[in-house]
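Below you'll find the structure, written out as structure tokens, and then a few comments.
Being a predicted model, the structure only gives us computed values, none of them experimental. All ligand and atom numbering here is 1-based and tracks the order in the structure.
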Amino acid sequence: MGWRNRSSLLFFLVLCIVHVIDAMNFRNNTHQAEYTQFLLANGVARTPPMGWNSWNHFQCNINESTVKTIVDALVSTGLAAVGYKYVNLDDCWAERNRDWRGNLRAKSSTFPSGIKTLADYVHARGLKLGIYSDAGYMTCSNTMPGSLGHEEQDARTFAEWGVDYLKYDNCYNDGSKPQKRYARMSYALQKVGRPILYSLCEWGQENPATWAGLYGNAWRTTGDINDTWESITSIADQNNIWGRYAGPGKWNDPDMLEVGNGGMSLEEYRSHFSIWAVMKAPLLIGCDVRSASKETLQILGNKEVINVNQDPMGVQARKLRSKDGLEVWAGPLSSKRVVVVLWNRGRSVAPISVTWRDVGLSPYKPVVVRDLWAHSFVSRNKRFRLTANVAPRGCKMYVLSPY
Ligand code: GLA
């Protein structure tokens, strides 16, 4: 064969390969588009999920009577009425071994009535039940089985019990890519005919913001939170990076709230709650609501702050500016409004300013400024800029409404 023939054969081969790759991509994309549509159409988590989770306060010390009294407290404190509707069991709710059919079983010493009965209890009070499993062989506590290799069976079990939310952890896995393991549970949930909010918990290891929105409704962006100032400031910064991937049906999850667990001051907890709210984080209470103080309930129950988190536009606010620990966070809300948080991470009181221009509003437009913690209007006709003295480790949170 002459060189001319050989190179045309080569050219032809290259063309074929390009064509095949193209076709494969097209198939993948179509598939992904359909799948994304499914998730967005399942009606779940159009705004960030709100509720309570057992882990931050109780770890493995949970049982059905504790959970039932927490449900009662969510109702009697008014927290359920302001939107905290998911009651989520975390790790340690199941027996170490599956039954003879391979089904997961509630731990008989702590959940003797079973999960279905608990779900009925929760549903009867207008709330929803969440459960926990793991994309590995065991869950992180190493006390109950994971769902790897049992995805369809476990998804069916959860649906039969009336579960509404699944947190899916990442311990004791087989070393394969989370993209694969988390997708398998996503397909399994899709088949069970019950909308189950799917929360991926792979701790931000493989940049889940870039892929998890295809498979689930929320994804952890970081390792575990703890009840300290260092933890919440560092998590806020890590979660901030992924802002543009969040939106209705799919949220960055900087982990559950520590408000009320005792490790931080009220000012620090107010900052924690404000920043989680504007980042459109799932708001999952992590304290014992049965004994929560008046101040804790005032933070968790601040309806004006909750309304920002639940704004239908669903855009995650970002850090606009940071200098010497003085920060401005802001983001758009529906009806052309803007939310602003002036956050003082320092040890002494300090003034922080923001201009209308900083947040994309016309400098000449009059704006109504509402202080969401003082529950009062700063001004009904404020122009150009806003400056406030902010307490150490505290924040101010405003909604600016141009008119
Ligand atoms: C992991 C998760 C936590 C919690 C524990 C339970 O660490 O990240 O949120 O679920 O497991 O063991």
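The pair E327-K319 meets the salt-bridge criterion, since a charged nitrogen lies less than 4.0 angstrom from a carboxylate oxygen. Remark: D253 does not engage K167 in a salt bridge, criterion side-chain N to carboxylate O under 4.0 Å.
Listed by atom number, the atoms of ligand 1 under 4.0 Å from C140 heavy atoms are 1 (C), 11 (O), 12 (O). Proximity to K167 (heavy-atom distance under 4.0 Å) selects the following atoms of ligand 1: 3 (C), 4 (C), 9 (O), 10 (O). Residue-ligand proximity, S141 to ligand 1, at heavy-atom distances under 4.0 Å covers atoms 12 (O). Interface of Y132 with ligand 1, defined as ligand atoms under 4.0 Å from a residue heavy atom, comprises 6 (C), 10 (O), 11 (O), 12 (O). For ligand 1 and R220, the ligand atoms under 4.0 Å from any heavy atom of the residue are 8 (O), 9 (O).
Nearest to atom 5 (C) of ligand 1 among the protein's heavy atoms is W55 CE2, 3.6 Å. Of the protein's heavy atoms, D91 OD2, 2.7 Å lies nearest to atom 12 (O) of ligand 1. The protein heavy atom nearest to atom 1 (C) of ligand 1 is D169 OD2, 3.0 Å.
Note: Y198 and Y215 fail the aromatic proximity criterion, with ring centroids not under 6.0 Å apart.
Across all their heavy atoms, L300 and Y84 have their closest contact at O-OH, 2.6 Å. Contact record, G146 with R98: O-NH2, 2.8 Å, taken as the closest heavy-atom pair.
Considering both main-chain and side-chain atoms, W203 comes within under 3.5 Å of ligand 1 through a nitrogen or oxygen pair.
The environment of CZ in R96 is crowded: more than 12 heavy-atom neighbours from other residues, nucleotides or ligands sit within 6.0 Å.
Compare D90, L284, D224, N142 by their heavy atoms: the one nearest to atom 10 (O) of ligand 1 is in D90.
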What's the verdict on salt bridge (charged side-chain N to carboxylate O under 4.0 Å, His left out) for D72 and R290, showing C-alpha distance, side-chain angles and the deciding distance? CA-CA 8 Å; D72 297 345; R290 298 169 306 179; over 6 Å; no
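With a 4.0 Å heavy-atom cut-off, ligand 1 is reached by no atom of C92.
At a threshold of 4.5 Å between non-hydrogen side-chain atoms, the residues I115 and F158 do not count as touching.
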